[in-house]
Amino acid sequence: MELIKRPRRLRTSPALRRMVRETHMDASSLIYPMFIAEGENRKEEIPSMPGQYRYSPDRMGEQLQRLQDAGVGSVLLFGIPAHKDETGSGAYDPQGIIQQALRTAKRDFPRMMFVTDLCMCEYTSHGHCGILCGQDVDNDKTLEYLSRIAVSQAQAGADMIAPSDMMDGRVAAVRKALDANGFENLPIMAYSVKYASSFYGPFRDAADSAPAFGDRRSYQMDYHNRREALKEAALDVEEGADIVMVKPAMAYADLIREVRDLVNVPVAAYSVSGEYAMIQAAAAAGWIQKEPAVIETAVCAYRAGADIYISYFAQELAEYLRDGKLGRTGA
């Protein structure tokens with residue numbers, strides 16, 4: 001058969017496939033989410049996330065060392081306080097759990113970058129992401145508290161602030177508060193496109209952050225909507241976001257692509273707890289091979305347009321990259 005165009009020509013050897021590969025990963029673009037709990041000498045495995053743990057500040061260094069050794073230089077911190085109240089006061093307490101963790105981590109791992117999740121759900125007694133007015137979250141009042149939390153995190157040493165609450169106007173409010181307190185160079189990574197997803201279940205177990213009543217659908221996005229995602233991303237960039245995020249990642253690659261085409265700032269994708277748990281469970285049952293599945297889902301996010309990948313598999317991915325395994329698995 002006389003064929004002039006044969007796409008298979010560029011697939012004939014590993015070296016050639018690597019040469020023409022369109023999507024590339026680098027460990028510097030990985031962020032590892034980490035749960036920090038109050039107390040001492042704590043390392044507790046999260047039942048719904050095998051291989052993931054809650055660490056007290058005095059033991060978080062064990063995992064930070066493993067990450068640094070693997071080549072992961074960035075961590076996203078989530079705090080689990082011992083005390084919760086209606087206004088989430090532990091989130092902006094100078095001696096709060098994230099503030100403690102930041103001071104310890106910055107002292108012991110000065111070359112690593114620490115991103116702080118900015119939300120109130122882990123700290124409020126009702127589990128919602130803001131200040132309640134009756135049964136509803138008061139958007140504008142919540143902005144005052146988010147701003148206070150952001151400044152407290154910055155003062156404790158945060159390298160980047162990541163608002164995840166999905167309140168309207170939160171990026172502008174946080175940017176204004178940071179600038180007013182001398183943190184004009186501290187970047188914001190906004191959870192811009194954050195859907196109300198069923199894939200968050202294990203996280204709520206990990207962070208003890210399930211709402212005491214109702215759900216979060218009045219502020220997190222309806223997963224049926226596409227145009228709304230582009231509106232949210234554009235608004236956050238206009239308000240001063242330095243990086244925008246799409247969350248979850250696996251089932252939302254179409255939105256990662258569209259957001260990437262829309263904005264001129266870096267795009268992050270968060271591979272969430274449910275995605276992690278599914279891969280772990282299927283691999284443990286022998287239904288899939290873990291290593292190629294982890295790599296394939298990560299490459300999918302980068303192929304869709306992500307510049308930054310937030311994953312509970314960040315350490316493994318960095319090790320695969322270091323050991324040259326990505327090429328061998330076809331990724």
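Side chains are part of it too, since the values below use all heavy atoms of this structure and drop only hydrogens, waters and symmetry mates. Given the structure is predicted, the values throughout are model-derived calculations rather than measurements.
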Parallel, tilted or perpendicular, judged at 30° and 60°: which one describes the rings of Y312 and Y32?
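Correct class here is perpendicular.
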So, [X] and [Y], do they make that salt bridge, N to O below 4.0 Å?
X    : Y    : result
K106 : D159 : yes
R170 : E239 : no
R59  : E62  : yes

Short side-chain to backbone donor-acceptor contact, R303 and T23, under 3.5 Å:
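Not confirmed, R303 side chain does not pair with T23 backbone.
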Under the rule for side chain to side chain donor-acceptor pair (under 3.5 Å), what residues qualify as partners of Y302, not counting sequence neighbours?
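By the side chain to side chain donor-acceptor pair (under 3.5 Å) rule, Y302 matches S29.
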Among Y252, Y219, Y223, ring-ring contact (aromatic ring centres under 6.0 Å, His included) partner for Y195:
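That would be Y252; it is the only one of Y252, Y219, Y223 passing the ring-ring contact (aromatic ring centres under 6.0 Å, His included) with Y195.
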Candidate pair R42 and D58, rule salt bridge (charged side-chain N to carboxylate O under 4.0 Å, His left out), full reasoning:
CA-CA 8 Å; R42 293 180 65 180; D58 61 327; over 6 Å; no
Consider only side-chain N and O atoms of [X] and [Y], and report whether a donor and an acceptor are under 3.5 Å apart.
X    : Y    : answer
S125 : E86  : yes
Q280 : Y276 : yes
Q99  : Q95  : no
D85  : S89  : yes
S164 : D117 : yes

